[in-house]
Amino acid sequence: MNQPLPREFYSRPTDQVARELLGKVLVHVTGDGITSGMVVEDEAYMGESDPGSHAARGITPRNSVMFGAPGVSYVYFTYGMHYCFNAVAKPGGRAGAVLLRALEPLEGEDLMRERRGRGDRLSLTNGPAKLAQALAIGRDQNGVDLTSGGLYFTEGSRGDFRVGTSCRVGLSRGRDLPLRFFIEGNPHVSRKNR
DNA sequence: GACCAGATTGTCT
DNA sequence: GACAATCTGGTCA
């Protein structure tokens with residue numbers, strides 16, 4: 001069994017952490033069982049200088065964990081019905097987080113399908129709100145430590161992939177920055193381009 | 001495949 | 001009171 005990635009992994013520039021998180025495995029242990037998946041797509045959200053980030057307009061009660069310690073989970077609720085999961089990652093003194101956009105299911109695929117209520121294997125975790133639902137990540141997971149087990153990232157088994165880069169998805173501002181990273185050719189990536 | 005509308009509520013101005 | 005780091009199901013092709 002692999003250990004959670006150490007806090008030092010998250011204590012680096014946000015875009016670098018986002019790139020290196022690809023191919024790692026996100027694990028969530030709950031009373032219902034274990035669900036896990038390999039990270040195939042994510043996006044970096046920098047601090048106050050990034051117009052697309054929640055942190056762009058300063059600290060608020062909602063985004064305060066982005067300004068806190070790295071290696072902590074940031075879960076936010078949006079569009080009245082969706083949760084999205086981020087890992088706080090940045091050098092000391094800044095704000096920043098990595099949004100997980102897509103996973104490839106590894107363990108607990110049946111449990112994911114049960115939680116989602118619909119969908120084939122490909123559409124189980126190929127979007128930020130989908131993977132949050134499949135892994136049972138919600139309000140209770142906001143602010144939890146990603147280095148102490150329960151909910152954590154661990155080393156993946158495969159290193160043989162190419163990293164693609166593109167603009168971020170779904171933003172009205174800051175959409176021109178190339179801060180989205182994905183594994184090229186992986187069918188679980190949520191979108192092709194643009 | 002592309003494009004469009006609706007759902008539904010927390011958060012900030 | 002407007003809008004949001006989205007998803008789904010519809011239409012049209």
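Sequence lines set the chain letters: A, B, ... in the order given, protein chains first and strands last, and positions in each chain run from 1.
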Between atom [atom1] in [X] and atom [atom2] in [N], what is the gap in whole Å?
X: L124(A); N: dT8(C); atom1: CG; atom2: C1'; result: 15 Å
X: R139(A); N: dG10(B); atom1: CZ; atom2: P; result: 7 Å
X: M81(A); N: dG9(C); atom1: CE; atom2: C1'; result: 13 Å
X: L131(A); N: dC7(C); atom1: CG; atom2: C1'; result: 13 Å
X: R62(A); N: dT13(B); atom1: CZ; atom2: C1'; result: 14 Å
X: Y45(A); N: dA4(C); atom1: OH; atom2: C1'; result: 12 Å
X: D15(A); N: dA5(C); atom1: CG; atom2: P; result: 20 Å
X: R168(A); N: dT6(C); atom1: CZ; atom2: C1'; result: 16 Å

Is the shortest side-chain N/O distance from [X] to OP1 or OP2 of [N] below 4.0 Å?
X: H54(A); N: dA5(C); answer: yes
X: R57(A); N: dA4(C); answer: no
X: R118(A); N: dG9(C); answer: yes
X: T78(A); N: dA5(C); answer: no
X: R175(A); N: dA5(C); answer: no

Could you walk me through whether D110(A) and R113(A) pass the side-chain contact (heavy atoms from CB on, under 4.5 Å) test, one step at a time? CA-CA 5 Å; D110(A) 289 340; R113(A) 211 185 311 276; 4.3 Å; yes
Here DNA chain C, pairs taken as Watson-Crick or G-U under 3.5 Å and shown with ( ), [ ] when crossing and | when to another strand, reads ||||.|||||||.
Centroid-centroid under 6.0 Å between Y83(A) and F85(A) rings: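 So the answer is no for these two rings.
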In terms of side-chain heavy atoms, does [X] have a donor or acceptor partner in [Y] at a distance below 3.5 Å?
X: Y10(A); Y: E8(A); value: no
X: D120(A); Y: S123(A); value: yes
X: Y152(A); Y: H28(A); value: no

Could you tell me whether R116(A) contacts a base, only the sugar-phosphate backbone, or nothing, with contacts defined as non-hydrogen atoms closer than 4.0 Å? sugar-phosphate
Does any donor-acceptor pair link the side chain of Y79(A) with the base of dA7(B) at a separation under 3.5 Å?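 Absent.
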Between dC3(C) and dA5(B), how many Å separate the two P atoms, rounded to a whole number? 16 Å
Between H82(A) and N63(A), who's closer to the 5' end of DNA chain B by nearest nucleotide? H82(A)
From the options dA5(C), dA7(B), dC12(B), select the nucleotide whose nearest atom is closest to the side chain of L99(A). dA5(C)
Side-chain contact check for M66(A): nearest option of dC12(B), dC7(C), dA5(C) is dA5(C)
Parallel, tilted or perpendicular: which describes the rings of H82(A) and Y79(A), with under 30° parallel and over 60° perpendicular? perpendicular
Heavy-atom count check: over 12 atoms from other residues, nucleotides or ligands less than 6.0 Å from R121(A) CZ? yes
Measure the distance between the ring centre of F77(A) and the centre of the six-membered base ring of dG10(B), then answer whether it is under 5.5 Å with planes under 30°. no
Partner set under side chain to side chain donor-acceptor pair (under 3.5 Å) for R116(A), not counting sequence neighbours: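 If we apply the side chain to side chain donor-acceptor pair (under 3.5 Å) test to R116(A), skipping adjacent residues, the hits are Q133(A).
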